[in-house]
Amino acid sequence: MHTPSASAASDPRSSSSAWLTSWWKSAAIYQLYVRSFADGDGDGIGDLAGARAHLPYLAALGIDAIWFNPWYPSPMADAGYDISDYRSIDPVFGTLADADALIAEAYAHGIKIIIDVVPNHSSDRHPWFVAALAAGPGSAERSRFWFRPGRGVSGELPPNNWQSIFGGSAWTRVTEPDGSPGEWYLHLFAPEQPDFNWDSADVRLDFEDVLRFWFSRGVDGIRIDSAALLCKDAALPDVSGLEPPGPAHPYMDRDDVHEIYQSWRAVADEYPGRMLIGEVWLPDTGRLARYVGPGELHTVFNFPYLNCPWDAASLRQVIDSTLALDAPATWVLSNHDVDRVVSRYGRSDTAFDLDRRPYFHGFPVDLALGTRRARAAALLTMALPGAVYIYQGEELGLWEVQDIPDELRQDPIWARTHGADPGRDGSRVPLPWSGTEPPFGFSPAGAESDPWLPQPKEWRDLTVATESANPDSMLRLYRAALRIRRSEPAFDETPLTWQPSADGVLAFDRHGASGVTDGATVRCVANLSAAPIPLPPNAEVLLASGPVYGGVLPPDTSVWLRIG
Ligand code: NOJ
């Protein structure tokens, strides 16, 4: 369907059959949060025209694939994770023809496309939900969702005690077509996001059709949102809060969810080279492992790595347990749901957890320290065997914007927790491209609207234009690292070999396909300790995250060395 450009075709990875069928095992994948990437039409919201215009930037960055956050028609109650039509594009982002053009243009740059599919819930404006409201209790239309009578004398209490992940009850009561107070429906997220009932054959068949719709358009991968939540115990029992995710939990990580992904895998396998990646937040790696494998998902996001503190022993433990899984590894430092990595690593407590976001809000951040560590983490991460995910702006060293005025906050988490949880807006602020003041080239000159979230004026030092001209910038570091990661045989799909190292230091070799130390070995050394450490003599420095003089590696610095 598409013909790659000469530059993409000359990259050996684009033509090797191993790459074509298993690119997702080692790719560098850029997460493009479309609302905040680039605004092509001046309405203050990023769109597909903006993304298309900046494809050369992404090609030059050296990524292999883009994951687009949801781009479908949506009332935007949860920034597009409330979908009213799974087979089209929201007008604020563009048209289906724009998406087709984008997929083709990306392909010409040698870039693959992953899209986000949200199967746990739809929008309350989805035609099926509108029809369910109109059809009334007991109807076939309602059986595609979770409608139940309330408890209490007149049904005035929710059917059970489940809480929304965004705060408040997970149930909302409807008004029936005759005007009377009626049934309740389940929404594990916002009320505008009713949960589908995956016991319904209509739901199962429709999603298989959605997958085929997008694979047929040339999409290479699907990111599955909230992948562990789809199946519910139909008895809808109360939760005690003590059940671990798994078969004893009424809605998290239930065993029957695997049947769904087995059928999705069969669909994906109809299209060579396509992949499925699950958003699965589970503490138990054994349970996590059940999602991946030849008959199920190709891979899952590595959230333990993202949550891990900047601590050598903890990171070593997460890396080892990731590599022990019988599945290709992914390495993730940030995404649109978590605080940006520069800010996390600039705090006195560098661990992260979604539940602890309120605790971190307003925490002092040492940006210089956080940036130094984020640079070191980038080299550590990109040297690990597996695929790496880069959230837009990570390559610029953007930080979490903590001081967004309350009245401008958009994330439903903020409103539903009455401000107790600041939500995720701080990691979603539009990118700075150029210039010395907002909108920093995010919107075209003369744009009619400001960016949908305000950009800090200090980001004038972090624009793509400024960083491109600065050899010491985060952007130049990411470009160099991605180029070396792509060109060095040592970074092919080969395991790592840990090297002896002092406390607080991580050191490992990648030997390349030959598996021997033959001059092709690359060693990554990350110094997370408080003291400088000596580097091996006679090693050639391929890339360092900070200044390296006199044969020593300073604290919070990583280096890639060629070992002869
Ligand atoms: C996970 C997504 O990453 C997040 O942004 C969204 O709010 C929830 N799923 C609900 O769809």
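Not measured: the values here are computed from a predicted model.
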Is a donor on one side and an acceptor on the other found under 3.5 Å between the side chain of [X] and the backbone of [Y]?
X	Y	value
T557	P555	yes
R424	I413	no
S529	V505	no
Q317	L315	no
T322	D320	no
S22	A18	yes
R460	T436	no
H54	Y57	no
H298	L276	yes
R510	T494	yes

### Task
Would you please test R223 and I115 for side chain to side chain contact (heavy atoms under 4.5 Å, CB included) and show each step?
CA-CA 6 Å; R223 180 256 188 196; I115 58 163; over 6 Å; no
Of all the heavy-atom pairs spanning [X] and [Y], show the shortest one and how long it is.
X	Y	answer
L229	M252	CD2-CG, 3.6 Å
P56	A53	CD-O, 3.6 Å
L462	G397	CD1-O, 3.9 Å
M382	V388	CG-CG2, 4.3 Å
W433	G441	CD1-O, 3.8 Å
V292	A327	CG2-CB, 3.4 Å

### Query
When L535 is tested against each of V559, V552, N527 for side chain to side chain contact (heavy atoms under 4.5 Å, CB included), which residue passes?
V559
### Query
Please walk me through it: do R290 and D253 pass salt bridge (charged side-chain N to carboxylate O under 4.0 Å, His left out)?
CA-CA 10 Å; R290 294 160 53 97; D253 186 34; 5.6 Å; no
Is the shortest side-chain heavy-atom distance between [X] and [Y] below 4.5 Å?
X	Y	result
L288	V300	yes
N69	V34	no
L32	L58	yes
Q402	P422	no
L323	L496	yes
D64	I29	no

### R409 to W414 six-membered ring, cation-pi geometry met (6.0 Å, 45°)
yes
### Cation-pi, W498 ring and R316 (6.0 angstrom, 45 degrees)
yes
Between [Y] and [X], does any NZ, NE, NH1 or NH2 come within less than 4.0 Å of an OD or OE carboxylate oxygen?
X	Y	result
E105	R52	yes
D337	R428	yes
D472	R476	no
D366	R347	no
R357	D355	no
R562	E540	yes
D339	R344	no
R287	D255	yes

### Message
The test is side chain to side chain contact (heavy atoms under 4.5 Å, CB included); show your working for W459 and W399 and say whether it passes.
### Response
CA-CA 9 Å; W459 282 9; W399 62 78; 3.4 Å; yes
#### Entry: ring pair (Phe, Tyr, Trp, His ring centres under 6.0 Å) against W310, all qualifying residues, sequence neighbours excluded
Y345
### Task
Return the orientation label for the F215 and Y271 ring planes: parallel under 30°, perpendicular over 60°, tilted otherwise.
tilted
### Message
Going by side chain to side chain donor-acceptor pair (under 3.5 Å), name the residues that satisfy it together with D284, two or more places apart in sequence or in a different chain.
### Response
none
### Task
List the steps, then state whether side chain to side chain contact (heavy atoms under 4.5 Å, CB included) holds for Y33 with Y391.
CA-CA 8 Å; Y33 193 75; Y391 175 48; 4.0 Å; yes
## Note on the structure
Here the gap from L431 atom CG to L396 atom CG, rounded to the nearest 0.5 Å, amounts to 6.5 Å
### Query
Could you walk me through whether Y305 and W331 pass the ring pair (Phe, Tyr, Trp, His ring centres under 6.0 Å) check?
CA-CA 7 Å; Y305 187 72; W331 306 104; 5.1 Å; yes
Hey, are [Y] and [X] close enough side-chain-wise for a donor-acceptor pair under 3.5 Å?
X	Y	value
Y81	H336	yes
E279	W281	yes
N470	S473	no

### Message
Just checking W71 against W214, ring centres under 6.0 Å apart?
### Response
yes
### Query
Quick check, are the ring centers of Y251 and H249 under 6.0 angstrom apart?
yes
### Query
So F303 and L282, side chain to side chain contact (heavy atoms under 4.5 Å, CB included) or not? Walk me through it.
CA-CA 8 Å; F303 295 122; L282 286 179; over 6 Å; no
